[in-house]
Amino acid sequence: MRPAAPNRNVAPMVYTIGILLLFVAMGVYARTLEARKREQKLGEATLGQIDTGSFMLKLALLGGARGVAADVLWLRAEDLKKAHEWDRLKATVDLITKLQPHFLSVWTFQGWNLAYNVSVEWDAPEDKYEWIKQGIKFLKEGVKKNERSADLVWDTAWTYYHKLGFSDEAIILRRLFRDDDDEPFKTYVDLDSGIPYRRDDNFQLGYGWFTNAVEMVDAGATVSATGIQQRIEYVDKQPQRKGKPGDLAFRSMPAHAQSRYASGLEKESVLGVEAKFGEEAQLQWGKALNEWIKFGQYVFKAPNEVWIGGKRVSDQPIQIDDVTNPERYGKLHENQKYWTNRWADQMNYRYWKDRCAAEMEKDGVDARRYFYEGTKALKAGRLVREKLKSGEVRDGAVENYQHGLALWEKLLERHADYRNDDLNMRDTGLIVRRYLYALRQAGVPEPEHVPFKDKARAVQGDNTVDPFDALEMIKTPRSGQVAPSP
Amino acid sequence: MPAPPILLPLLWAQAVQVRMPSWLQWLFVWGDPRYTDERAFGAVITWTKVVGLFCLVAWSASWLLAPADPRLTPAPGGRGRQTKLMILLVGLLGCLLAVVLQVLQSTRRVATLSVAGVSVATLQGGLFLGLLLVLAEYVLWSNVRRKGRPADLAVLAGVHLALASGFVVSYTLATFGGVRPNWPQIAVGGAYMGVTYMGLVVLASIAARMLAEVSTLRPRRLYAVAWHTWVESFRRMWAPWVVLVVFAVILAFTSWFLKPPRDAELGRIYVGTLMLLTSILLTAMVSILAPVSLPQDIQQQTIYTVVSKPVRRLELVWGRVLGFMALVTVLLLVFGGISLAYLERNVGSTIAEARRKADEYAKAGKMQFARLKREEAEQLETRMSARVPVKGQLSFLDSRGKPKPFGIDVGQELEGRSFVEGATPSMAIWQFGFVPDKFAPKNAPRFLDRRVPLEALLPRGTIEELQNRRAELRDALAEAGQRQQGADLKSSESAALSADRTRIADEVKAIEAELKQLEDRDRELRRQAAAAKDRATAAGLIAQADSLHAPPVRLEMIFNVYRTTKGELGQPVYALLVVRNPRPNVPPHRAYLPIHEYYTDRQTVPARILVGSRGFLTIEVQCLTPNQYLGMAESDLYILSSQGRFWDNYLRGLFGIWLQALVLTTIGVFAGTFLSWPVALVKTLAFFVAGLAAVSTLQTIALQSLTGGGPFESLIRLLTHDNLQSDLAPTTAVIVAKTFDSLVMPVLARLVYVIPNFASLDFSNTVADGYAVTWAQAGSTLLLALGYALPFSVAGYFVLKHREVAA
């Protein structure tokens with residue numbers, strides 16, 4: 001019998017049905033996926049702002065080609081860095097982030113690369129500033145695209161705080177920041193209230209961003225406690241670097257930034273901008289004290305386990321602030337005392353808390369004003385009190401230091417922790433040394449009682465100057481030629 | 001004919017001691033493919049030799065693989081054919097085993113065996129290669145005798161004669177000056193030269209045939225084929241429209257993908273991107289259209305109609321190239337126009353905005369921001385022009401004042417720049433004039449012409465130009481006087497010199513009169529300006545006085561700063577710049593300048609510095625700030641001879657893209673002559689991608705400087721995570737990989753001659769950096785492109801000629 005001829009219409013029909021079935025299955029699966037993404041807050045929109053350019057690029061390089069393209073661009077970025085092609089480097093790095101906007105390491109690494117490595121290659125401070133700004137803006141762009149990343153928020157805060165505030169050229173960079181008319185760059189939005197704050201000082205911006213990072217970690221901890229995070233299975237989970245339990249430095253940064261801002265007010269830490277004292281300084285030191293107390297009262301957990309009454313106890317609560325409260329401290333278990341003490345020492349908590357408490361007092365601020373005026377007079381060669389042509393009497397370096405040290409002595413009697421700290425001893429010693437130098441230069445006999453005279457002896461060979469004080473670093477026309485260091 | 005200035009290889013080392021006649025040197029230059037004349041036409045010689053070698057391969061292959069005449073050869077499967085196949089197999093297997101043995105010896109899996117100082121692997125390889133050559137020789141002779149015309153027989157004879165002459169030249173060179181013959185060296189040298197001469201013979205025969213073919217070309221037919229191609233390009237996938245739309249769409253959304261970090265670089269990045277986009281779109285378009293064209297004609301049998309007409313095959317190939325290139329030209333002009341308008345709108349507005357901001361900052365007392373914005377605007381304006389730099393030669397004095405070819409290395413990753421130390425005698429010196437070539441071999445010093453173009457910098461009729469002419473004439477007068485006083489001068493010569501002197505003296509007088517008039521006028525104008533009551537009148541008078549002088553000489557420089565200490569906070573590093581005219585009575589020009597790293601620092605020098613210099617000038621740069629270093633490369637300082645318009649420079653930049661498209665079109669048309677359209681398309685695209693991305697790797701392979709072995713060994717290293725330097729254990733896999741590499745690498749190394757180097761046809765960086773693409777540059781690049789396009793199109797013609805398209 002002749003075999004039946006195959007029906008030519010069967011195969012196309014089978015294919016068509018197969019295709020349709022696959023489409024239906026895909027549709028159902030996509031809807032399920034969408035629902036899960038919504039439920040677990042995993043959609044693109046919930047990660048951060050959606051970028052049209054990024055979307056188009058990702059569309060053009062479907063699937064795995066994206067990773068390869070990102071790799072090639074990364075290598076190109078490295079080559080451009082070697083060739084000192086900074087602007088092309090930045091443009092290339094931007095393309096990488098368009099391809100992989102949720103790959104956090106790119107934002108962290110390249111933001112740091114721009115703000116630290118590229119900026120240092122430029123000679124003029126204004127060019128350095130421009131590249132630090134590029135780095136910070138890059139990180140902020142990363143935050144926009146990854147709104148849930150506390151790490152990127154912290155990186156942004158750190159760059160505002162550290163790169164602008166602690167560079168060798170910090171006094172000039174801080175001035176450039178102050179003069180910058182880029183409003184969004186000088187504004188942070190408080191995560192809690194949603195209110196934007198525009199600030200002229202990089203430490204204030206650092207404070208705002210650090211605070212947001214801490215709040216985000218705390219909010220994340222709450223989410224974690226509800227168990228939603230645990231249900232998510234990440235294909236390529238990116239580890240959280242900052243704000244892990246026990247990350248003391250992370251939590252102390254808002255307090256540090258606020259303290260730096262307060263101390264920066266009382267000297268020419270911004271080139272060409274006079275120091276500020278009075279109520280403003282008192283207020284800022286008060287705010288710093290609050291931040292330290294907030295940090296001190298945060299409940300950390302002891303990392304070890306102990307046996308208490310035959311029971312194994314873990315996660316004992318630790319509040320660093322207890323070291324400054326003998327009553328509470330006395331009630332602690334030995335293990336708690338150990339960790340409270342150890343972490344307080346590690347963070348130099350006693351010093352910071354007591355310093356803020358001392359500096360926020362009127363005596364503290366006044367003493368600082370006398371020291372500032374004294375140094376200005378010394379640099380200008382006005383050693384003792386003089387009468388101006390207008391009839392006005394103006395104190396010289398000697399009188400200013402004298403008044404200041406008298407107040408300082410009284411103040412520190414009330415703040416033993418601050419007084420006895422090495423950092424303060426050195427600072428006070430340097431002031432006393434200047435005072436003695438002014439006395440010698442003016443030919444005024446040394447008084448019988450010179451407060452903290454022993455501290456001056458201890459810093460006799462110390463010739464360092466404060467790199468964050470323009471009065472000491474720059475020969476400004478206002479202060480005239482810098483006198484030789486005593 | 002002068003002897004070629006070549007660096008002779010060690011093989012011919014004796015030639016340095018014994019003066020070799022120039023004809024022998026020329027024979028060597030034309031014979032050995034590894035060496036060439038070092039003058040400009042040396043590249044053409046190399047090109048001819050390489051093309052000759054490829055012609056030889058193609059010619060041999062065509063005769064070796066030519067289907068034999070059935071009347072003269074035994075039937076397929078006959079004994080003669082079987083014997084030849086057996087010999088071929090044995091020969092190939094023997095060669096392969098020789099390679100395996102060589103790899104085993106190099107990896108120390110087996111001890112190196114040698115007979116009379118020659119390794120067994122080499123002997124074996126030589127033996128089997130010889131066998132294959134004998135077979136090839138036999139097949140060649142029999143095929144050419146049976147099928148060839150007398151001309152082919154003449155070429156065959158010529159090729160053998162060329163081979164013999166190679167050995168004769170090699171022997172003559174090696175024994176020149178009575179040196180004892182070194183037979184292995186003579187054999188190797190002879191083989192190299194013989195094969196090259198063979199290639200030249202084949203090339204000459206092909207050139208003769210091509211000349212005959214070219215003489216039959218008719219513009220009317222070329223035009224007809226080109227027009228057909230043009231029309232077809234629009235019909236096929238509406239390619240030009242698609243390209244145009246894609247260009248417009250991408251341009252409209254460029255700002256989504258491309259955000260220059262600083263406005264200063266906006267122009268540079270936009271220009272680079274626009275040219276890249278134009279290049280990619282057009283080259284991609286021709287890569288798709290050109291290879292598809294001919295195969296589809298053949299497939300759809302429309303070619304039958306064409307070839308049955310009196311159309312030459314060369315007209316079919318070149319006509320197509322012409323058609324595609326006409327399309328490329330029109331699209332390039334459209335893209336160029338759109339790009340220029342786009343740049344004008346974006347960059348122009350950014351410049352205006354930067355200037356406005358700079359003024360605003362200056363008013364507000366924010367001087368650092370004002371400087372930044374001003375520099376940004378200047379940088380943008382400079383880049384949107386076409387500067388013609390005159391570059392000198394850079395040498396250094398070290399910290400003790402000793403001359404050095406390079407400065408101090410401060411440890412930067414790329415060592416392009418070297419540094420001078422601050423507040424020491426260390427300095428960088430740029431010399432203009434006839435300067436010794438730093439890279440010439442010591443035994444063959446060379447001078448480069450780096451003179452300052454006085455005719456461009458001193459406009460005719462200006463005070464400085466007249467002073468310069470006077471100085472030159474006075475020199476000539478003094479020289480004639482000296483010669484006249486010299487001994488052994490014939491009376492006729494003395495009389496001629498006297499006449500010369502009188503003529504020159506008259507000229508000097510005339511110039512002096514003219515000069516005096518101008519100088520008086522200059523003084524008068526300045527006096528009036530000083531006495532003028534209002535500023536505008538004074539400025540007008542000063543401008544009039546200035547117009548009597550040549551414009552000041554403009555210097556541009558970009559220096560790097562390397563600080564060993566922070567120095568004084570906020571203070572720049574300072575440099576001292578001294579411009580010297582070698583004439584003793586011209587005072588040098590000095591300038592102190594703060595260095596703005598990565599920005600172009602500009603200095604103007606009064607034009608009088610050039611008077612009497614004859615184009616010779618020295619520019620010295622010292623770093624004045626102690627403990628700091630200034631870094632520079634030769635091209636970091638130059639005299640600006642002119643600053644042209646941007647738009648025509650941009651169009652010259654597009655010419656580079658046109659050349660890229662030309663090369664790809666010829667490759668595409670060539671591929672279409674013998675491949676089906678999908679294969680031809682893939683082949684052309686492969687050339688396109690390889691020309692963009694693989695040229696540097698191929699160069700590394702050709703120079704044998706590839707670390708980590710060839711592709712197969714690299715694959716093993718990738719899989720086993722071994723680094724590039726470590727010795728691989730001689731496992732079987734490694735031996736197999738190395739054997740494959742030994743076979744593949746020589747082929748890959750030759751690809752460097754075939755894959756076009758698109759980067760060298762690219763002017764985008766020059767245009768984006770604001771430097772002029774000179775006509776000389778454009779001309780040499782055109783030659784380079786033709787160097788690729790011509791052989792490919794000619795090869796296409798031969799394939800098409802021998803292909804039975806209309807059968």
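Reminder, nothing fancy here: chain letters follow the sequence lines and each chain counts from 1. This one's a predicted model, so the numbers in the text were calculated from it and none came from an experiment.
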Participant: With only heavy atoms counted, which part of A/K128 is less than 4.5 Å from chain B, the side chain, the backbone, both or neither?
Facilitator: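 Answer is side chain: those atoms of A/K128 sit under 4.5 Å from chain B.
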Participant: Which atoms of A/E130 are under 4.5 Å from chain B, going by heavy atoms: the side chain, the backbone, both sets, or neither?
Facilitator: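 Just the side chain, heavy atoms under 4.5 Å.
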Participant: Under the criterion side-chain contact (heavy atoms from CB on, under 4.5 Å), I'd like the reasoning laid out for A/H84 against B/Y598: C-alpha separation, chi angles, the key distance, then a yes or no.
Facilitator: CA-CA 9 Å; A/H84 291 195; B/Y598 299 116; 3.0 Å; yes
Participant: Do the side chains of A/K90 and B/R262 get nearer than 4.5 Å, heavy atoms only?
Facilitator: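 Side chain of B/R262 against side chain of A/K90, heavy atoms only: no contact under 4.5 Å found.
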Participant: Considering only heavy atoms, which portion of B/Y599 lies under 4.5 Å from any heavy atom of chain A: side chain, backbone, both, or neither?
Facilitator: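 It is the side chain, since no backbone atom gets that close.
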Participant: Less than 4.5 Å apart, any side-chain heavy atom of B/R268 and any of A/E85?
Facilitator: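 Yes; the side chains approach each other to less than 4.5 Å.
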Participant: Counting only non-hydrogen atoms closer than 4.5 Å, does B/E413 touch chain A with its backbone (N, CA, C, O), its side chain (CB onward), both, or neither?
Facilitator: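 Only the side chain of B/E413 comes within 4.5 Å of chain A.
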Participant: Just checking A/R199: does its CZ atom have more than 12 heavy atoms from other residues, nucleotides or ligands closer to it than 6.0 angstrom?
Facilitator: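 Yes, CZ of A/R199 has more than 12 neighbouring heavy atoms, counting only those of other groups under 6.0 Å.
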Participant: Which answer fits B/Q412, side chain, backbone, both or neither, if we ask what part of it has an atom under 4.5 Å from a heavy atom of chain A?
Facilitator: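 When you check distances to chain A, only side chain atoms of B/Q412 fall under 4.5 Å.
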Participant: Heavy atoms, side chains only, cut-off 4.5 Å: are A/D87 and B/I269 in contact?
Facilitator: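 Answer yes - side chains close enough.
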Participant: Counting heavy-atom pairs under 4.5 Å to chain B, which of A/D127, A/I171, A/I172 comes out on top?
Facilitator: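 Most heavy-atom pairs within the cutoff with chain B belong to A/D127.
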Participant: When rounded to the nearest 0.5 angstrom, what distance separates NZ in B/K366 from CZ in A/R175?
Facilitator: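 Answer for the NZ-CZ pair, B/K366 versus A/R175, is 9.0 Å.
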Participant: Checking A/Y129 against chain B: side chain, backbone, both or neither under 4.5 Å from a heavy atom?
Facilitator: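 Contact with chain B involves the side chain of A/Y129 alone.
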Participant: Counting only non-hydrogen atoms closer than 4.5 Å, does B/L569 touch chain A with its backbone (N, CA, C, O), its side chain (CB onward), both, or neither?
Facilitator: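 Contact with chain A is through both the backbone and side chain of B/L569.
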Participant: Please give me the minimum heavy-atom distance between A/P125 and B/G570, naming the atom from each residue.
Facilitator: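 So the two residues come closest at CG-CA, 4.0 Å.
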Participant: Assess the residue pair A/D180 and B/F369 against the criterion (side-chain contact (heavy atoms from CB on, under 4.5 Å)); give the C-alpha distance rounded to whole Å, side-chain angles, the decisive distance to 0.1 Å, and a yes or no.
Facilitator: CA-CA 8 Å; A/D180 200 339; B/F369 282 109; 4.1 Å; yes
Participant: At a heavy-atom separation under 4.5 Å, does B/P261 approach chain A through its side chain, its backbone, both, or neither?
Facilitator: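 Contact with chain A involves both backbone and side-chain atoms of B/P261.
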Participant: Take atom NZ in B/K566; do more than 12 heavy atoms of anything else shown fall under 6.0 Å from it?
Facilitator: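 Atom NZ in B/K566 is packed in, count exceeds 12.
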Participant: Does a side-chain heavy-atom distance below 4.5 Å link B/Q368 with A/D179?
Facilitator: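 No - every pair of side-chain heavy atoms lies 4.5 Å or more apart.
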